[in-house]
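Notes follow once the structure below has been shown.
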Amino acid sequence: MGIKTTARYATVWAIVLGMAFPFLIMLSTALKGPNEIFAAPPKLLPHEWNFASFGDALNAMPFWRYLGNTLLVSGLCVVGSLISCPLVAYSLSKLHWPGRNVVLVLMLSTMMLPPQVTLVPLYLLWDKLGLVGTYLPLVIPSFLGTPFLIFMLRQFLMGVPDELLDAARLDGASELRVYASVVLPLARPALATVAVFQFVWSWTDFLNPLIYLNDSSQYTLSIGLYNFFSEHGVDWGPLMAASVMFTLPALVIFLLGQRHFVEGIATRGLK
Amino acid sequence: MRRKATRAAGSRRRLWLGLAFASPWLLGFVALVAGPILASGYYSFTDFNLFQSPTNVGFANYQELLHDERFGQALANTLILTVVGVPVSLMLALLLALALNLRVRGMPFYRAVVYLPTIVPIVVTTYVWRWLLNAQYGWINRLLGLVGLPQPSWLEDPAFTKPAVILIGLWTVGGTTVIYLAALKNVPQETYEAAAMDGAGPWQKFRAVTWPALSPVTLFQLIVGVIASLQLFTQPYLLAQNRLNGAAGGPDDSLLTYGMYVFQNAFVFLKMGYASALAWVLFLITMAVSAGLLLTSRRWVHYGN
Amino acid sequence: MYRRLRPIAAVAAAVLTAAVAACGGGGDTASGKTEVVFSYLWSGQEAAALEKVIADFNASQDKIVVKGVSSPDFQKQLTSMSSANGSFDISDNFGSGVGAWASKGILTPLDDFMKTDGYDTADFVPSAMNQMKYDGKTYSMPIALHTQLLMYNKKLFAEAGIDKAPVTVEEWAADIDKLTKRGADGTITQLGYANAEINTSLTTLGFMFGGSWDDAQGKPSPADPGVVAGTKFYADTIPGKYGVDKVRKFTSGFGEYQSAQNPFYTGKVATMIDGEWQSVFIKKFAPNLEWGVAPLPYPAAKPELAGTTQVTTSTLFIPKNAKHPKEAWTFMKYLLDKKSMLDFTLALGNLPARTSMVDDPGYAELPNFSAWLAAMKGSNAKSLASGPTAAQYAADLGTAFDDIAQLRKSPADALAGVADKAKKYAP
């Protein structure tokens, strides 16, 4: 005990404070009135609590509609990923077919592809299909599987002993049945990880909604906030208030699924 | 004979089953990856603006690159951000991981706080930092002032915009930190004890035990980090954003990254052919850099122990 | 290759449209009226004023209903016009951009509509009408004009012992110095002049020094000695005198332009060059501000430049991918009509685009507004050309102005650089 322990806690708490500081400023700016925001030097906490910025932000954009839109897109993407990713992961881990490793390598290498390369052709593709200005370009890709999530699930399924599946197969179950009644229930924790990752990605996505959504009634919160800035510029109080409201849902999901995040992220590095 | 036939039939069946289960991604690969890559290659040899159909122009787009000052600027900006930003954030992540790996109580809480910034929507992150970095009313300058350091105009001075982008990147280093933490947990405790018996100090322990064990993860993080950094778009795009969203690249184009320049050419200048050529060059650069990193890795990455 | 995907996409589309519709994302009206989407760049109180005009139109109509959408985003406006599915039927922009878009085929020419209706454009300000044309066709219509004048804070003038607005640029420069306050270390606490918006302010300065940004054929002429002198005036008078770093820091603390925190309203800035809409803005955001407006100063050696101003035009246009171009034209005609143009320009505090309306008594209620109206009629009212390369030229000028304002390049060098680039795209 003593100095060494104190130093340890001091280090750790310095890190925690440093990381939390921007959150604190975001919240305190949202709660300050315009006179206090433009005060030099700035004060850490608002002298007078002012909730007007939240009202201003809600008036300046249809926040609840954007929230609904964002939930809809994120929700559909989660459904898509939960349908497609385990199918592919099962194929690449437990169906020992020739060529599966080629597919795996191909899949991993697409993770290196800069999205700019496919930006123009994909836009033209969706445009030709008449789907620019709908949610489909944001949602359909998740129904076709996301390499990182597939890979994570594959790593998980590799750890499931083959005997378990063979027992079911010997009972005469079809492959689809084995998949549905044995593999999916076993993979539940890994599927939860897939869901939280996909949710946060879709929730925070910016470039795709920026390109594909045209009508302001369809905007997601990312684009709503971006638009708010382009309209009101440096109106810091309402901007920070909107930011707080936008961050909260992701925060809730994070606190609920914290374990899944950390485990998922950790497997990514440890192939 | 018959046995062979059944085995062949079995393997054919397995092939079909495998393909069937993998079909969502295979379809996605063809339609959303391979097809577009080829199409992009084709477009890069044409001139078109979405309204008028493509006309073949041969290598003209690639030749234009050689004379395009803003292309040079965008490439240089991106390389600077990558060469400085990626190593700095890896180092910070490692230091944070080592600190969080100390024996302290409440570990899951600390880990969560460090990871938290990475789940904040990137639009929010960037706007919060725009405010923190405000030259006159921002807290970064306030803190710098308290310890007597100079207070730059972060987002108005071309010399400081790139440090600003890197600084924002450092706040979201939690993902990398968590991976390092997981790797640290996998270093066998006995090795440390053995090193301690040999009289090794903390630095020698790090050099002889920790670093070799972490080097494969570091290689992975380095490649992932470099690839992500080469495509950097959202943070600089939003830092340079002004009222009414004219096409902007920050002061003196110092925030114009390669990814932003591709976007501007495609959707602001409507030069789709030129944008495709730019994208292909980025593709080749990414592959070359990744291959280069893998080659040099033999000298410093230790596998197994 | 993509055609084969269509059935799959169609099925998926059906499923999702159902999902989306269930969540209330629908758009068409139940009453059987055609919905015209009017996406405009105006925002804040200007958007609110515009919505009133739209509501009046909707009340007068049984076939068309206009839905106004405030989308103050130049990039999004263009992206939306480049997909097969148009998201709006009518929108607005500025006169100098007409040629660039018309040449790319983005805009619907209005000539056929005009011919069918026998629409008369003779009442519109001729210089503005010229900007609307490209290759002999009309691609936009002017809804409002804008002029630039010198605005000053009377209280700060009195504090500095200045009793009248400057007439020559030399007097102005001397006033700016008296109106600038600095701390012991050079930190600026009040600035004699700041750009309201750098591109408009610096191009206006170019005109004030007798320059022209385009030659007689409408091609860029950024190396013209007058425009070099105008931009040099800014570089020498502000950043050159008070230090780039100090000016940068001071301006980084400016509040939002369209708010009570605008630095001119808060007394941080004593003079600025800006447009007639300030008359309405100040009434709303800073009703107690004591402010005056004066003709733009001219170089003492060139008295013939007295009364110089820059005229810009707000335009209405119909994009090529509009779903209801005919109905959009009906609405456009309504907006261009004298009565709605008066409502619109009065609400936004903009100058009318019709010559017959310049002397309308309605404008008398706006403080100081008559000065801007008068400037529009002067013989030294100048504008930028609207050629097909105007967008590229404006972008290059923007970069050069930034270099000039940050003293990275001398005005002559920066603008010579623009001239070099312009040679490539406008030979």
Side-chain angles (χ1 to χ4, degrees), chain A residues 8-9 11-12 15-16 19-20 22 25-26 29 38 40-42 84 87-88 90-92 95-98 100 103 107 110 112 114-122 141 144-145 150 175 200 204 206-207 222 225-226 229-230 233 236 239 243 246-247 250 254 258 261-262 265-266 268-270, chain B residues 14-15 17-18 21-22 24-25 27-28 32-33 36-37 39-40 43 96 99 102 104 110-115 117 119-124 127-128 131-132 136-137 139 142 171 175 178-179 182-183 217 220 227 230-231 233-234 241 243-245 259 262 266 272 275-276 279 282-283 286 290:
Chain A
R8 265 184 216 154
Y9 278 92
T11 316
V12 171
I15 295 170
V16 165
M19 286 293 180
I25 297 302
M26 170 162 76
T29 308
F38 289 104
S84 62
L87 279 172
V88 183
Y90 179 60
S91 166
L92 296 182
L95 299 173
H96 305 278
W97 52 286
R100 65 185 190 283
V103 170
M107 195 178 78
T110 63
M112 289 172 44
Q116 281 85 4
V117 178
T118 51
L119 187 72
V120 169
L122 277 181
L144 300 177
I150 294 173
E175 208 59 52
V200 169
T204 58
F206 173 71
L207 182 58
S222 279
L225 197 62
Y226 165 78
F229 187 93
S230 97
W236 292 112
L239 188 66
S243 298
F246 184 11
T247 309
F254 173 72
Q258 209 231 103
F261 270 102
V262 174
I265 261 295
R268 180 180 174 193
L270 305 171
Chain B
R14 278 212 309 277
L15 176 64
L17 260 175
F21 273 84
W25 185 77
L27 178 69
L32 304 181
V33 181
I37 291 179
S40 167
Y43 292 135
L96 289 182
L102 293 172
V104 282
Y110 307 130
R111 204 173 50 185
V113 173
V114 170
Y115 189 72
I119 59 133
V120 175
I122 199 155
V123 185
V124 171
Y127 291 155
V128 169
W131 178 226
L132 286 168
Q136 224 183 330
Y137 302 111
W139 268 91
R142 166 111 169 103
W171 189 51
V178 169
I179 297 179
V217 181
F220 169 79
I227 291 173
L230 288 176
Q231 2 172 304
F233 171 81
T234 311
Q241 186 194 7
R243 273 191 89 240
L244 297 179
N245 280 329
V262 174
M272 294 286 174
S276 300
L282 179 63
F283 188 27
T286 308
S290 312

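Reminder, nothing fancy here: chain letters follow the sequence lines and each chain counts from 1.
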Between the main-chain N or O of [Y] and the side-chain N or O of [X], is there a donor-acceptor pair closer than 3.5 Å?
{"X": "Arg14(B)", "Y": "Trp97(A)", "value": "no"}
{"X": "Ser40(B)", "Y": "Val117(A)", "value": "yes"}
{"X": "Thr204(A)", "Y": "Pro121(B)", "value": "no"}
{"X": "Gln136(B)", "Y": "Phe38(A)", "value": "no"}

To the nearest 0.5 Å, tell me how far [X] [atom1] sits from [Y] [atom2].
{"X": "Glu175(A)", "Y": "Leu17(B)", "atom1": "CD", "atom2": "CG", "answer": "5.5 Å"}
{"X": "Phe206(A)", "Y": "Ile122(B)", "atom1": "CZ", "atom2": "CD1", "answer": "9.0 Å"}
{"X": "Met19(A)", "Y": "Tyr110(B)", "atom1": "CE", "atom2": "OH", "answer": "15.0 Å"}
{"X": "Leu119(A)", "Y": "Met272(B)", "atom1": "CG", "atom2": "CE", "answer": "8.0 Å"}

Could you check if a side-chain atom of [X] sits within less than 4.5 angstrom of a side-chain atom of [Y], using non-hydrogen atoms only?
{"X": "Tyr137(B)", "Y": "Trp236(A)", "value": "no"}
{"X": "Thr110(A)", "Y": "Trp25(B)", "value": "yes"}
{"X": "Leu230(B)", "Y": "Pro114(A)", "value": "no"}
{"X": "Phe283(B)", "Y": "Gln116(A)", "value": "no"}

For this session: Walk me through it: do Val128(B) and Ile25(A) pass the test side chain to side chain contact (heavy atoms under 4.5 Å, CB included)?
Result: CA-CA 8 Å; Val128(B) 169; Ile25(A) 297 302; 5.6 Å; no
Could you tell me which portion of [X] (side chain, backbone, both or neither) has an atom closer than 4.5 angstrom to a non-hydrogen atom of chain A?
{"X": "Phe233(B)", "answer": "side chain"}
{"X": "Leu132(B)", "answer": "side chain"}
{"X": "Leu32(B)", "answer": "both"}

Exercise. Which pair of non-hydrogen atoms, one from Ala99(B) and one from Val12(A), has the smallest distance, and what is that distance?
Worked result: O-CG2, 3.8 Å
Non-hydrogen atoms of chain B under 4.5 Å away: do they reach the side chain of [X], the backbone, both or neither?
{"X": "Val16(A)", "result": "both"}
{"X": "Ser222(A)", "result": "both"}
{"X": "Leu225(A)", "result": "both"}
{"X": "Arg100(A)", "result": "neither"}

Exercise. Can you tell me if Thr29(A) and Trp131(B) form a side-chain donor-acceptor pair at under 3.5 Å?
Worked result: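 Yes.
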For this session: Please state whether the rings of Phe229(A) and Tyr127(B) are parallel, tilted or perpendicular, taking 30° and 60° as the class boundaries.
Result: parallel
